[in-house]
Every structure is written in structure tokens, then in C-alpha cells.
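Read through the structure below, which is laid out as C-alpha cells, and then see the notes.
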Amino acid sequence: MSGQQRFKTVLLFGAPGAGKGTQGKILGAIPGVLHMSSGDMFRGMDPESRLGKIFREYSTRGELVPDEVTIDLWQEHVGKLRAGGKYDPTTQLLVLDGIPRNVNQAALLDGVIDVLKVIHLAFADEKEAISRLKKRAMKENRADDAKEDVIRRRLDVYRDETRPLLDHYAKDRIADVDALGSPAQVLLEVLKVVAPLQATYFGNALA
């Protein structure tokens, strides 16, 4: 996308169980905001496309999709949303959840997205994250995912691969939000970040 203006973007960031999906879905219901999660991207992919077949090759082997392929898939997905009239970067703030997943993906996206803020949904105590993930897994009848060793492995992957993203972006771009409040309390703090950005960059777009 060289030569094109970068998409104005907010990243939802945090450990597993921090509530990124919950907050993203709420934000996505606001006019002028498009929430895009990595899960939505993979589910919306054409399995018979070139990239879809590549993705299937890795997923059927239980392997992570290489960063370059993931970013290509993301750009293809964005292109479809734009072509279908579901995303207009001149009127919509893009909220990403689950992508970029690591520093290399962030570097690959630096020329495509203009990261205005990184909303870091933070846990003061890892025990709270484990407790929340256990409860969520049991509620969704995923007993295997409720095992503490499985949860700790997910948190280890987050610490090793994803958390270093906080050092990729300038400190003044990071907005820490306590993830332990009620969904409404967390949303209030998230909106204190998102609302001024929407007003600044898209204030007259919906008029």
C-alpha cells in the first residue's frame, strides 16, 4: 500500500482474558468505528483462495501461520471490506484486536497503519488473569482450556511474543487501562481514549 495514506488505527492489547474481544465488539457498534479481530479475519477468509490454501496447510499441521502470510491475509481481508463498502478509512477509525501479534508483524504493518494509540488492558496480578480464563473456559464448556497449565502456557506465549510490542511503539502512544473493572467501567476508560481520537480525525465525517 505504498503511496497510500495509512489507516488511522487503535490497537487493543493485553494478555489472554483481558477482555479485548468484549471491548472490541462494543467499540465496533459505534458509528464510525470498525473493529477487526484476527479471528474475524481468519473466519472471513476464502478457503479456496491462494492465501486461504496456504493458511489451511499450516493450520492442518497445527503450525502458526508465518508473519508475512498473516499480514498478506490481513491486507486481503481489508481490501474485501473496502470493496464491499464495509470499511471506509476516510470516515472510520480502525480498531485492531489480535493483530499485530508480535514485533515482526508490527514492523510489517508500520507502512500500512498509523497507530494513534495502543490501549493496554492490563492485569495488576497474573492470578486474576488465570481466574478469569478458567471461568470463561468453564462457561463455554471448554474444560481443557480451563486447566491451569494450559492457561499458563498461553500467558507464557503472550509474555515472550506479544508483550514486547509495548516497546515497539512510543511511550506516549500507550494508554494503560485496568482490565479488572466491570465491562462498563473498562469501557468508560477505553472511550476516554477512543472518543477524542474519533473527534480529532473523523469529527465531521459522519455529519
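For reference, positions follow the sequence shown, starting with 1.
Residues Met41 and Val78 form no side-chain contact, since every pair of their non-hydrogen atoms from C-beta on lies 4.5 Å or further apart. Using a 4.5 Å cut-off on side-chain heavy atoms (C-beta onward), Leu165 and Asn102 make no contact. Within the 4.5 Å cutoff, the side chain of Val190 has no heavy atoms near those of the Ile26 side chain. In this structure the side chain of Trp74 never reaches within 4.5 angstrom of the side chain of Ser38, judged on heavy atoms. Between Leu197 and Val10 the shortest side-chain heavy-atom distance falls below 4.5 Å.
Pro16 and Arg154 get closest at one heavy-atom pair: CB-NH2, 3.5 Å. Among all heavy-atom pairs drawn from Ala106 and Pro100, the shortest one is N-CB, 3.5 Å. Pairing each heavy atom of Ala143 with each of Met138, the nearest pair is CA-SD, 4.3 Å. Of all heavy-atom pairs between Phe202 and Thr91, the closest is CD2-C, 3.5 Å. Heavy-atom minimum distance, Thr162 versus Phe13: O-CZ, 3.3 Å. The nearest pair of heavy atoms linking Leu191 to Pro196 is O-CD, 3.7 Å.
Summarising the geometry, atom NE2 belonging to His77 is positioned 13.5 Å from atom CZ belonging to Arg82; distances are rounded to the nearest 0.5 Å. Separation of atoms CZ (Arg142) and NZ (Lys134) is listed at 14.5 Å; rounding is to 0.5 Å. Note that the CZ atom of Arg153 and the NZ atom of Lys147 stand 9.0 Å from one another [nearest 0.5 Å]. In this structure, CG on Leu94 lies 12.0 Å from CG on Asp88, to the nearest 0.5 angstrom. Annotation: the span from Gln198 atom CD to Leu27 atom CG amounts to 10.0 Å, rounded to 0.5 Å. Atoms CD1 and CD, from Ile30 and Gln92 in turn, are 12.0 Å apart once rounded to the nearest 0.5 Å.
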What side-chain donor-acceptor pairs closer than 3.5 Å can you find for residues 108-118, not counting sequence neighbours?
unit_1, atom_1, unit_2, atom_2, d
Asp110, OD1, His168, NE2, 3.4
Asp110, OD2, His168, NE2, 3.0
Asp114, OD2, Lys8, NZ, 2.8
Lys117, NZ, Asp172, O, 2.8

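The side-chain hydrogen bond (donor to acceptor under 3.5 Å, both in side chains) pairs that include a residue from residues 11-35 are His35-Asp97, where partners are two or more places apart or lie in different chains. Screening residues 175-184 for side-chain hydrogen bond (donor to acceptor under 3.5 Å, both in side chains), with sequence neighbours left out, gives His120-Asp176, Ser182-Gln185. Residue pairs meeting the salt bridge (charged side-chain N to carboxylate O under 4.0 Å, His left out) criterion with at least one partner in residues 184-193, sequence neighbours excluded, are Glu189-Lys192. Annotation: ring-ring contact (aromatic ring centres under 6.0 Å, His included) contacts involving residues 124-146, sequence neighbours excluded, are absent.
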side-chain contact (heavy atoms from CB on, under 4.5 Å) assessment of Lys171 paired with Leu166:
CA-CA 8 Å; Lys171 294 295 182 186; Leu166 289 176; 5.9 Å; no
Output, in order, the C-alpha distance, side-chain angles, deciding distance and verdict of side-chain contact (heavy atoms from CB on, under 4.5 Å) for Lys80 and Asp46.
CA-CA 11 Å; Lys80 287 181 179 178; Asp46 179 359; 3.7 Å; yes
Does the pair Glu48 and Arg56 meet the rule for a salt bridge (Lys or Arg N to Asp or Glu O under 4.0 Å), with working shown?
CA-CA 9 Å; Glu48 297 305 316; Arg56 192 168 59 207; 3.5 Å; yes
Please determine whether side-chain contact (heavy atoms from CB on, under 4.5 Å) holds for the pair Arg136 and Glu140, giving the CA-CA distance in whole Å, both sets of side-chain angles, and the decisive distance to 0.1 Å.
CA-CA 6 Å; Arg136 187 172 74 184; Glu140 297 174 359; 3.6 Å; yes
Verify side-chain contact (heavy atoms from CB on, under 4.5 Å) between Thr9 and Val95, making sure each step is shown before the conclusion.
CA-CA 6 Å; Thr9 305; Val95 174; over 6 Å; no
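Grouped by direct or indirect side-chain proximity (heavy atoms under 4.5 Å, Ile/Leu/Val/Met/Phe/Trp/Tyr only), Leu180 sits with Phe123. Through side-chain heavy atoms spaced under 4.5 Å, either directly or across other Ile, Leu, Val, Met, Phe, Trp or Tyr residues, Ile151 is tied to Ile130, Leu133, Leu155.
With 3.5 Å as the limit, one finds a donor-acceptor pair spanning the side chains of Asp40 and Ser37.
Checked against side-chain contact (heavy atoms from CB on, under 4.5 Å), Pro164 has the following partners two or more places apart in sequence or in another chain: Val103. With sequence neighbours excluded, the residues that form a ring-ring contact (aromatic ring centres under 6.0 Å, His included) with Phe55 are Phe42. Every residue meeting the side-chain contact (heavy atoms from CB on, under 4.5 Å) condition with Arg50, not counting sequence neighbours, appears here in chain and number order: Ile54. In terms of the salt bridge (Lys or Arg N to Asp or Glu O under 4.0 Å) criterion, residue partners of Arg152 (sequence neighbours excluded) are, by chain and number, Glu126, Glu148. Partners of Asp125 according to the salt bridge (Lys or Arg N to Asp or Glu O under 4.0 Å) rule, which considers only residues two or more places apart in sequence or in another chain, do not exist here.
The hydrophobic cluster containing Leu121 does not contain Val157, counting ILVMFWY residues as joined when their side-chain heavy atoms lie under 4.5 angstrom apart, directly or transitively. In terms of hydrophobic clustering, with Ile, Leu, Val, Met, Phe, Trp and Tyr side chains grouped at heavy-atom distances under 4.5 Å, Val177 and Leu188 are assigned to different clusters.
Side-chain N or O atoms of Arg132 include one that pairs as donor or acceptor with a backbone N or O of Gly17 at under 3.5 Å.
Looking at Asp67 and Arg101, a side-chain N of the basic residue comes within less than 4.0 Å of a carboxylate O on the acidic one, giving a salt bridge.
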